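As structure tokens, the structure follows; a few thoughts come after it.
Because the structure is a prediction, the values reported are computed rather than measured.
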Amino acid sequence: MTAPKRIGRDSATRKALIQATAQIMLEEGYAAATSRRVAAKAGVKPALVHYYFPSMDDLFLAVLRAGAETNLVRQREALADDQPLHALWQLNNVHGARLLMEFMALANHRKEIRSEIVAYAARFGDMEESAVALALRAHGVDTTEFPPVVMSMIVASLARIMVLEEGLGISRGHREAKSFIDGYLNRFELPGRPA
């Protein structure tokens, strides 16, 4: 007798379902991500969605966790970059912001999604705040007057809202905001690193 087949955590089908769900959420919103739509996008039979994910909430959590882990890896890479503040800006200024907004909307109805977002945001925010604090202190900035948590929130929030607005076709003030942020990043990039 052979052992019963276990659902592989890293199977190609599971990954395809996660990617298909994320793509549908980005293109049409979380409400469009039904098991049938996900299966069709992944090129599998609908029953396989529930084979790998007993509920759609389980699938949504898997998509959120996969994206969060990928983003945390990218954040560590950004912090190791020659220009970590610039790299963090770029990280916050990508399409992941749109997917995060879909999850925030979903979190209004799903407590477990909300908890997962809060945990991820804490991890990401702590690392970002540390990098900003290091840069500000290196330049002699009074971190009481300019708290690193506030400064990192301002920059990250601006990057994300610009991505969302650009997705809607809104560009008012974006060029000026990017220029302002670029000056800020050049001024406060960590000493000894190219500006």
With a 4.5 Å heavy-atom cut-off, do [X] and [Y] have their side chains touching?
{"X": "Y120", "Y": "L72", "answer": "yes"}
{"X": "F124", "Y": "L91", "answer": "yes"}
{"X": "Y184", "Y": "M151", "answer": "yes"}
{"X": "V163", "Y": "R98", "answer": "yes"}
{"X": "V49", "Y": "L17", "answer": "yes"}
{"X": "M104", "Y": "I113", "answer": "no"}

Can you see which heavy atom on [X] is nearest to which on [Y], and at what distance?
{"X": "A39", "Y": "P46", "result": "CB-CA, 3.5 Å"}
{"X": "A33", "Y": "T21", "result": "CB-CG2, 4.2 Å"}
{"X": "L64", "Y": "F103", "result": "N-CZ, 3.6 Å"}
{"X": "T34", "Y": "A31", "result": "CG2-O, 4.1 Å"}
{"X": "A159", "Y": "N93", "result": "O-OD1, 3.7 Å"}
{"X": "V132", "Y": "P148", "result": "CG1-O, 3.9 Å"}

Any side-chain donor near an acceptor of the partner, D58 and S55, under 3.5 Å =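 Per modelled atom types, D58 and S55 side chains form a pair under 3.5 Å.
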
Working to the nearest 0.5 Å, report the span between [atom1] of [X] and [atom2] of [Y].
{"X": "M25", "Y": "F60", "atom1": "CE", "atom2": "CZ", "value": "5.5 Å"}
{"X": "L100", "Y": "R160", "atom1": "CG", "atom2": "CZ", "value": "6.5 Å"}
{"X": "L61", "Y": "E112", "atom1": "CG", "atom2": "CD", "value": "4.5 Å"}
{"X": "D81", "Y": "R74", "atom1": "CG", "atom2": "CZ", "value": "14.5 Å"}
{"X": "L79", "Y": "L190", "atom1": "CG", "atom2": "CG", "value": "9.5 Å"}
{"X": "L158", "Y": "H174", "atom1": "CG", "atom2": "NE2", "value": "8.0 Å"}

Is the H109 ring parallel, tilted or perpendicular to the Y30 ring (thresholds 30°, 60°)?
->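 H109 and Y30: tilted rings.
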
Derivation and outcome, side-chain contact (heavy atoms from CB on, under 4.5 Å), residues R187 and H139 = CA-CA 9 Å; R187 179 176 175 198; H139 288 279; 5.9 Å; no

Quick check against the 3.5 Å criterion: does [X] have a side-chain atom that pairs as donor or acceptor with the backbone of [Y]?
{"X": "Q83", "Y": "E189", "result": "no"}
{"X": "N186", "Y": "D182", "result": "yes"}
{"X": "S152", "Y": "V149", "result": "yes"}
{"X": "S179", "Y": "R175", "result": "no"}

Tell me, yes or no, whether the heavy-atom count around M56 atom CE, taken from other residues, nucleotides or ligands under 6.0 Å, exceeds 12.
->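 Atom CE in M56 is crowded, with more than 12 foreign heavy atoms closer than 6.0 Å.
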
Do other residues, nucleotides or ligands put more than 12 heavy atoms under 6.0 Å from E28 CD?
->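 Yes, CD of E28 has more than 12 neighbouring heavy atoms, counting only those of other groups under 6.0 Å.
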
Might you work through the side-chain contact (heavy atoms from CB on, under 4.5 Å) test for V155 and I181, ending with a clear yes or no?
-> CA-CA 8 Å; V155 173; I181 291 297; 4.2 Å; yes

Answer with yes or no whether the hydrophobic clustering places M162 together with I170; edges join I, L, V, M, F, W, Y residues whose side-chain heavy atoms lie under 4.5 Å apart.
->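 Each belongs to a different hydrophobic cluster.
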
Can E27 and R37 be counted as an ion pair, charged N to O under 4.0 angstrom?
->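 Looking at E27 and R37, the cut-off is not met.
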
Lys/Arg-Asp/Glu bridge criterion (N-O < 4.0 Å) met for E69, R123 |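 Here E69 pairs with R123 in a salt bridge, since their nearest N and O are under 4.0 Å apart.
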
Can you check side-chain contact (heavy atoms from CB on, under 4.5 Å) on F53 and R14, steps first, answer last?
-> CA-CA 9 Å; F53 304 98; R14 186 178 192 282; 3.6 Å; yes

Let me see the working for L88 and E128 under side-chain contact (heavy atoms from CB on, under 4.5 Å), right down to the final yes or no.
-> CA-CA 8 Å; L88 285 171; E128 193 167 70; 4.2 Å; yes

